[in-house]
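Heads up, the thing below is written out as structure tokens.
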Number of protein chains: 2
Amino acid sequence: MAGNKPTTIKEIARKLKISPSTVSRALNDHPSIGLVTTMRVKKMAEEMSYEPNQTAIFFKQRKTFTIGVILSKLSEPFFSEAISVIEHVAEEKKYTVLLGQSLDDEQRELNIVQTFKKHRVDGILVSLGKNTGDTDFMSVLAKTEIPVVFFDCVPDLPNVHKVYCDLSSGMEEAISAFFERGHHKIALINGPESLLASKDRTVAYKEALAKYNIPFDSNYIVNTDLTEQGNEDAMEKLCSLADRPSAVVSFNDFVTLDLIRYAKLRGIVLNQDMYFISYANYPLWKYMDNPPMGSIEQYPEQQAQRAAEILFDCIDKKEYVETPQEVVFPSKLVLK
Amino acid sequence: MAGNKPTTIKEIARKLKISPSTVSRALNDHPSIGLVTTMRVKKMAEEMSYEPNQTAIFFKQRKTFTIGVILSKLSEPFFSEAISVIEHVAEEKKYTVLLGQSLDDEQRELNIVQTFKKHRVDGILVSLGKNTGDTDFMSVLAKTEIPVVFFDCVPDLPNVHKVYCDLSSGMEEAISAFFERGHHKIALINGPESLLASKDRTVAYKEALAKYNIPFDSNYIVNTDLTEQGNEDAMEKLCSLADRPSAVVSFNDFVTLDLIRYAKLRGIVLNQDMYFISYANYPLWKYMDNPPMGSIEQYPEQQAQRAAEILFDCIDKKEYVETPQEVVFPSKLVLK
DNA sequence: TTGTATGCGTTATCAG
DNA sequence: CTGATAACGCATACAA
């Protein structure tokens with residue numbers, strides 16, 4: 001734990017009796033520097049355990065080789081998988097990842113962006129919080145030169161880069177799977193109405209019902225605030241209907257966990273009295289004795305991969321990203 | 001998306017026909033600057049939408065207000081919980097978090113440290129990878145002035161700050177719980193032998209057995225490499241013993257998931273033919289129809305909280321951290 | 001092939 | 001109270 005100040009280029013130069021610029025160039029393998037000099041410099045740098053001061057370099061180059069990632073929370077497997085991919089892509093590009101969890105709080109989200117701006121990140125990847133009203137957030141972001149790519153939870157705006165999953169294909173497959181098995185009373189337990197993701201599910205649900213000529217019953221859509229209590233309440237509402245549904249598409253796997261648990265309390269037998277399909281396709285079902293009928297894959301890795309690639313192409317000023325990119329993956333039902 | 005270069009202090013100064021230093025001071029509420037001037041400057045800064053260039057400030061102040069966090073992987077709830085706490089503490093101190101997942105690969109771990117050093121992070125929090133031999137990693141880290149605090153997976157070294165969970169108390173409680181229920185054939189499915197965490201478990205296991213006068217049988221300790229296959233192999237080994245154990249302490253909850261699954265395939269009835277207790281206390285058991293007997297809580301939040309606090313105290317050069325801190329939380333059995 | 005000079009944006013020191 | 005100047009460490013245009 002010696003108190004040595006870090007070595008600088010100047011010191012190497014002095015020791016070698018050459019100019020700092022030569023040292024700088026040698027260290028950066030500048031072609032105009034003689035091989036011998038280069039070697040000498042590198043050797044000395046090694047000896048003096050020189051470490052370039054990146055803060056100086058960042059400052060000078062107006063680049064930080066850092067990207068910021070904003071997502072709701074890492075405890076959701078979707079995001080922990082996504083960030084792993086992002087980190088991996090970043091690593092290959094010699095970039096580092098600054099992390100910000102919004103916890104679905106819009107104010108936090110705004111703070112994170114401000115912090116990222118201060119830190120002069122070279123780019124930002126965002127999955128919007130579940131309660132984010134587009135407007136404020138976007139206006140803060142718009143005022144910046146920093147390239148931004150949205151993924152998963154994307155704003156309903158043109159002129160931004162976004163990568164997301166089309167929920168409707170999965171919904172269609174879910175309703176189809178239910179229908180084929182004779183279900184006609186199919187409910188939707190949806191997230192908060194304010195949420196774009198919820199709206200999309202509602203639209204997709206109605207469309208899919210229509211496709212199979214199942215009449216839409218507004219009692220069959222209930223909302224949850226995604227808390228345990230909210231999930232149970234939603235389930236209770238459905239169960240107490242005179243015409244109880246035999247199949248449920250739920251907002252996501254976490255919600256379904258609560259639904260199944262609650263159903264059991266109510267004496268409802270899973271995959272007999274009631275069938276479930278939810279979004280996310282989390283790995284947890286594999287270990288359940290009695291998993292729900294299916295889950296809809298939303299491809300976190302692929303989304304993250306594409307989003308990161310687009311972001312880096314923005315940073316590298318590739319031409320094609322001058323027009324807003326919109327990449328849509330179809331979601332896909334996976335039967336359990 | 002205007003191509004405006006960010007405003008600088010100089011430009012504000014020029015516009016106001018005063019010197020850059022005055023602007024700087026006004027912006028920082030320096031007491032020696034007149035109220036009027038301060039106001040004028042701030043107003044102009046606002047108008048020109050001035051944003052301080054942090055990279056310049058970092059450079060000058062030799063501080064980045066960034067800490068690096070190295071952990072094995074975020075898909076483990078332990079770490080996603082830990083990082084949330086860390087982020088929270090960092091946020092309060094106006095710090096940002098740089099993320100690095102080692103994925104239990106020592107080479108990656110080393111690269112991450114190098115990157116963090118380059119980025120001149122003000123401090124590093126590390127939970128060592130499961131396969132990390134202390135030596136290399138530590139020597140890289142030792143050569144740095146950057147304060148480091150280890151948590152959870154800590155090196156077996158003095159002279160470093162570390163926060164971790166004492167696995168033996170939980171083990172003792174687990175063996176006790178088994179013993180009270182009449183089990184005498186208690187096995188340990190442990191992680192790789194190379195791992196400190198494994199060694200600790202082995203020691204604790206033997207000690208606890210001794211306490212209850214249960215003779216130690218070396219056949220009752222089997223190792224897994226923590227892959228699904230490894231877990232199944234370990235289980236297979238135990239099951240094929242002439243004197244099959246009736247109770248198992250396993251490395252962690254994820255391993256137990258595989259064990260239970262495999263036990264079922266073998267026709268072994270959970271909580272009847274065989275009982276399980278594992279480390280981690282992940283929230284998943286709540287949703288299982290037939291959970292294992294218990295799980296041992298390792299307090300990710302508390303560990304992360306203390307580790308982060310100590311790190312920031314190092315950064316702030318609090319006196320007490322001049323001597324290496326060692327904080328140990330007891331682990332605790334939670335019956336399901 | 002190498003050296004010299006300059007500037008990135010900010011703040012601290014010293015003068016006024 | 002305010003202004004001029006230097007300095008942080010590095011990269012680069014220009015000179016030699």
Side-chain angles (χ1 to χ4, degrees), chain A residues 4-42 44-45 48-66 94 117-122 144-146, chain B residues 4-42 44-45 48-66 94 117-122 144-146:
Chain A
N4 300 324
K5 294 269 161 288
T7 318
T8 72
I9 279 191
K10 278 187 192 169
E11 291 164 339
I12 300 181
R14 196 165 348 113
K15 209 122 187 173
L16 255 34
K17 298 184 194 300
I18 57 179
S19 89
S21 31
T22 306
V23 176
S24 168
R25 286 188 273 241
L27 255 15
N28 291 303
D29 290 309
H30 195 287
S32 77
I33 299 295
L35 189 61
V36 255
T37 328
T38 305
M39 299 280 276
R40 260 171 28 99
V41 168
K42 290 204 172 172
M44 179 58 75
M48 302 176 70
S49 64
Y50 167 75
E51 297 254 11
N53 182 340
Q54 293 295 102
T55 63
I57 296 174
F58 295 160
F59 171 46
K60 185 143 193 24
Q61 320 245 292
R62 294 138 177 290
K63 261 197 101 172
T64 59
F65 293 96
T66 303
K94 307 276 181 203
K117 281 177 72 173
K118 274 195 190 163
H119 278 252
R120 292 286 207 268
V121 295
D122 295 335
T144 192
E145 277 305 280
I146 303 172
Chain B
N4 300 324
K5 294 269 162 283
T7 316
T8 71
I9 281 191
K10 281 185 190 171
E11 290 164 339
I12 301 182
R14 198 170 341 118
K15 210 120 186 174
L16 255 34
K17 296 183 197 302
I18 57 181
S19 88
S21 3
T22 307
V23 175
S24 169
R25 285 189 274 241
L27 253 16
N28 292 302
D29 290 309
H30 194 288
S32 78
I33 299 294
L35 189 60
V36 253
T37 327
T38 305
M39 298 280 276
R40 265 177 16 107
V41 168
K42 290 203 171 173
M44 179 57 76
M48 301 175 71
S49 63
Y50 167 76
E51 297 253 11
N53 182 341
Q54 292 296 101
T55 64
I57 296 173
F58 294 160
F59 171 46
K60 191 152 192 9
Q61 321 243 294
R62 293 134 180 285
K63 258 197 104 172
T64 58
F65 292 95
T66 303
K94 307 275 181 204
K117 282 177 73 174
K118 275 193 190 163
H119 278 251
R120 291 287 204 267
V121 296
D122 296 335
T144 192
E145 278 306 280
I146 304 172

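So you know, we letter chains A, B, ... as the sequences are listed, proteins then strands, and number each from 1.
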Taking every non-hydrogen atom, the tightest pair across A:Pro6 and B:Arg120: CB-NH2, 3.9 Å

Side chain of A:Thr37 - closest among C:dT1, D:dC8, C:dA5: C:dT1

Base of D:dC10 and ring of A:Phe59 stacked, centres under 5.5 Å, planes under 30°: no

Nucleic acid contacts of residues 23-35 of chain B, taken as heavy-atom distances under 4.0 Å to DNA chain D: B:Arg25, B:Ser32, B:Ile33, B:Gly34

Smallest separation among heavy atoms of B:Phe65 and A:His119, with atom names: O-CE1, 3.7 Å

Atom-pair distance (NZ on B:Lys17; P on D:dG3), nearest Å: 13 Å

Interatomic spacing from CZ in A:Arg40 to OG1 in A:Thr37 - rounded to 0.5 Å: 7.0 Å

Touch class at under 4.0 angstrom, heavy-atom based, for A:Pro52 against every strand present: sugar-phosphate

Distance-minimising heavy-atom pair for A:Ile57 and A:Pro52: CD1-CB, 3.9 Å

Exercise: identify the closest heavy-atom pair between A:Leu27 and A:Ala45: CD1-CB, 4.1 Å

Minimum-distance nucleotide to B:Lys60 side chain [options: C:dT10, D:dC10, D:dT5]: C:dT10

Distance, rounded to the nearest Å, where A:Asn53 contributes CG and D:dA7 contributes P: 18 Å

Heavy-atom neighbours of B:Lys63 NZ exceed 12 at 6.0 Å: yes

Nearest heavy-atom neighbours spanning B:Val41 and B:Leu16: CA-CD2, 3.7 Å

Residue whose nearest DNA chain D nucleotide is more 5′ - B:Arg120 or B:Ile18: B:Ile18

Upstream residue (5' side of DNA chain D) when B:Val36 and A:Ile9 are each assigned their closest nucleotide: B:Val36

Nearest-Å distance for atom pair CD/C1', residues B:Glu11 and C:dT10: 14 Å

Between P of C:dG9 and CD1 of B:Ile12, the distance in whole Å: 12 Å

Euclidean distance, atom NZ of residue B:Lys10 to atom C1' of C:dT6 [Å, nearest integer]: 11 Å

Candidate nucleotides C:dG3, C:dA12, C:dT10, ranked by approach to the side chain of B:Gln61 - the nearest: C:dA12

Sugar-phosphate, base or nothing in reach of A:Tyr50, heavy atoms under 4.0 Å: sugar-phosphate

Phosphate OP1/OP2 of D:dT2 contacted by B:Thr22 side-chain N/O (<4.0 Å): no

Whole-Å distance separating the CD1 atom of A:Ile57 from the P atom of D:dT12: 10 Å

Length of the CZ-C1' vector between B:Arg62 and D:dG9, whole Å: 9 Å

Distance-only donor-acceptor test (3.5 Å): side chain B:Ser19, base D:dT2: no

Minimum-distance nucleotide (side-chain atoms of B:Thr8 versus D:dT12, C:dT10, D:dC8): C:dT10

Reported CG-to-OG1 distance for the pair A:Asp122 and A:Thr66, which is rounded to 0.5 angstrom: 6.5 Å

Sugar-phosphate only, base, or nothing, as touched by A:Thr55 at under 4.0 Å among non-hydrogen atoms: nothing

Integer-rounded Å distance: C:dG9 P and B:Arg14 CZ: 11 Å

